[in-house]
Amino acid sequence: MNKEERFVTAITPKSEDFSRWYTEIIRRAELADYAPMKGMMVIRPYGYAIWENIQRLLDNRIKETGHTNAYFPLFIPESLLQKETEHLEGFSPEVAWVTHGGEEELEERLAVRPTSEAIIGNMYSKWIKSWRDLPVLINQWANIVRWEKVTRPFLRTTEFLWQEGHTAHETSEEAEKETLMILDLYKEFVETELAIPVISGRKTARERFAGALETYAIEALMSDGKALQMGTSHNLGQHFSKVFNIRFEDRDQKLQYVWQTSWGVSTRLVGSVIMSHGDDSGLKFPPRIAPVQIVIIPISLGNWKQEVLPTAQALEQGLKKEGWRVKLDAREEFSPGWKFSEYEMRGIPLRIEIGPRDIKNNQAVVVRRDTMAKESISLDSLQAKIPQILSDIQDSMLAKARKFQAENTSEVDNYQDFKSVLESKRGFLKTFWCGNQDCEDKIKEETMATIRVVPLEQEEKGKCVLCQADAGQWVFFARAY
RNA sequence: CGGGGCGUGGCGCAGUCUGGUCAGCGCACAGCGUUCGGGACGCUGGGGUCAUGGGUUCGAAUCCCAUCGCCCCGACCA
């Protein structure tokens, strides 16, 4: 963006210092603020509104596919967590423990949930007795605590919000089908609502969820060329049902262990929206999740309170009636120019300016945040045109992000090219991998790149990018957050 | 947990090397007035025990020791 075009000067340009831009914009736009405890943040109203929109839109999808919401306890007794050793080992470095109730030391320590498989498994063993009880399809919206060493607002905080689905099924096939159905649901959700294209596939053994049979994930490319895991869906097999003794009598009157899945997305998604779409001027929200979709700014010139304001207010009411999230900013203490910059920084998709000149011409000036394009539209047809404009913004944001992903996905067939791409533009590296963890480990050690996913569609085989062994499968590597 | 950087009104910083009108600037905030089609301006005003705790000194934001916290880059993770 040219200097002349850049009206927002309150933040470090994204193109200059990505990390700094990210943390500055979060605070300037009042999405979140640092709490007085290490690694913890306060999600402020403007940031929480995005999470609420994500919740609402995803919750609808979760319910449409037959799931219901419930709520399980925040604390998990140590003995429960210990039942699945692989699971415990996966999480133990980051579990926060409650050791005292008031002044008294507890008989048994309580973990603040780092995830809820254990407590839910415990309950499912009580609830599930017969094949007629299955499937159990429960989701919960909850907070989670993981004592991470390095934190960043939204991307990795000590406490975060998420949804976690936990299902139990009669057969292995049914559990696998659920796992993949959710993976697709996540992909569709993120692309449709957040306008962020993702790649999806299976995780390798080293990246797998502790205690899972298979982990599937969706991954997106952020505009600094690093990958971000956006959501995971785990096929837990019978690991947890055997440990927590979740058995049912099947249709042939035999006792069987249930087949389980779990899956989740978190407030990290808010971070992904900031990073994927933002630019030097600040945030850029896709209309479908924007806390405010349209801001109306009356131009305070001359006798504007009589001549301009009533029209602006009527427009606000009309748009609200249509269900749009609209804000009219008629404050006198800020100039129109200040407001333009402010709402650009805050990422509001559409701005409508109305001044005396517009009233004279029976029009309004409409400015898109995504392209900054200005257009004068007749007041008579404005309201009717809004749905098309906003849907166009949503579409073109996704298209732009897709183009970026395509331009930053490199197909390589040898380790030299692999390394040189990582040194220059990063992004996704599509290549073949032999399936041997030694190769995966060595590549990570030398390049910091990990296998983000193994795509589910595998039409051809090729030589491993590192050891050149035959019959490798397609994988996507990237440096990740 | 390693390597680096930094803690001075709400935010961004200067001052620290060389101890002594250094408690200062910009933005933000409050009041009044003029402004307002791309972050307006003038005047007036409020706000900081210089991260914390020790020490050195006649005297410490400044020097020494310790502690805490934050940021960035790595190792680990949603």
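Per chain, numbering begins at 1; letters A, B, ... match sequence-line order.
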Base, sugar-phosphate alone, or nothing: which one does A:P93 contact when heavy atoms must sit under 4.0 Å apart? nothing

Any strand, both distances under 3.5 Å, Watson-Crick or G-U wobble: B:G20 pairs with B:C58

Report the base-pairing partner of B:C6 (Watson-Crick or G-U wobble, both distances below 3.5 angstrom), or none. B:G69

Pairs under 3.5 angstrom only: tabulate donor-acceptor contacts from the side chains of residues 352-366 of chain A to other protein residues two or more places apart or in another chain.
| from | atom 1 | to | atom 2 | distance (Å) |
| --- | --- | --- | --- | --- |
| A:E353 | OE2 | A:R351 | NE | 3.1 |
| A:E353 | OE2 | A:R351 | NH2 | 3.0 |
| A:D358 | OD1 | A:Q363 | NE2 | 3.0 |
| A:D358 | OD2 | A:G355 | N | 2.9 |
| A:N361 | ND2 | A:R357 | O | 3.2 |
| A:N362 | ND2 | A:D380 | OD2 | 3.0 |

Do A:F477 and A:F428 have their ring centres less than 6.0 Å from each other? no

Would the base of B:G37 count as contacting A:K339 through its side chain, where contact means a donor and an acceptor less than 3.5 Å apart? no

Is there any salt bridge (Lys or Arg N to Asp or Glu O under 4.0 Å) pair reaching into residues 281-293 of chain A, and which pairs are they, with sequence neighbours excluded? A:E193-A:R288, A:D279-A:K284

With sequence neighbours left out, what residues match A:R152 under side chain to side chain contact (heavy atoms under 4.5 Å, CB included)? A:S19, A:Y22, A:L155, A:Y481

Across all strands, who's sitting opposite B:G12 as a Watson-Crick or G-U wobble pair, both distances under 3.5 Å? B:C25

Could you list, one pair per line, each protein nitrogen or oxygen that sits under 3.5 Å from a nitrogen or oxygen of nucleotides 72-75 of chain B, together with the distance?
| from | atom 1 | to | atom 2 | distance (Å) |
| --- | --- | --- | --- | --- |
| B:C73 | OP1 | A:S19 | OG | 3.3 |

Would you indicate what A:L155 reaches in the nucleic acid, counting non-hydrogen atoms under 4.0 angstrom: base, sugar-phosphate, or nothing? base

Pairs in or reaching into residues 437-449 of chain A: which pass side chain to side chain donor-acceptor pair (under 3.5 Å), with residues at least two apart or in two chains? A:T204-A:E440, A:R206-A:D441, A:Y415-A:E446

pair A:Q229-A:E207: side-chain heavy atoms closer than 4.5 Å: no

Who is the Watson-Crick or G-U wobble partner of B:C1, with both distances under 3.5 Å? B:G74

Scan residues 83-97 of chain A for pairs that pass side chain to side chain donor-acceptor pair (under 3.5 Å), counting only residues two or more places apart or in two chains. none

Under the rule for ring pair (Phe, Tyr, Trp, His ring centres under 6.0 Å), what residues qualify as partners of A:Y186, not counting sequence neighbours? none

State whether A:S335 places a side-chain N or O below 4.0 Å from either non-bridging phosphate oxygen (OP1 or OP2) of B:A40. yes

For a quick check of understanding: with a heavy-atom distance under 4.0 Å over all strands, which category does A:T450 fall into, base, sugar-phosphate or nothing? nothing

Suppose we screen for side chain to side chain donor-acceptor pair (under 3.5 Å). Which residues come up paired with A:N69, at least two apart in sequence or across chains? A:D59, A:N139

Selection: residues 284-303 of chain A, any non-hydrogen atom under 4.0 Å of RNA chain B: A:I299, A:S300, A:L301

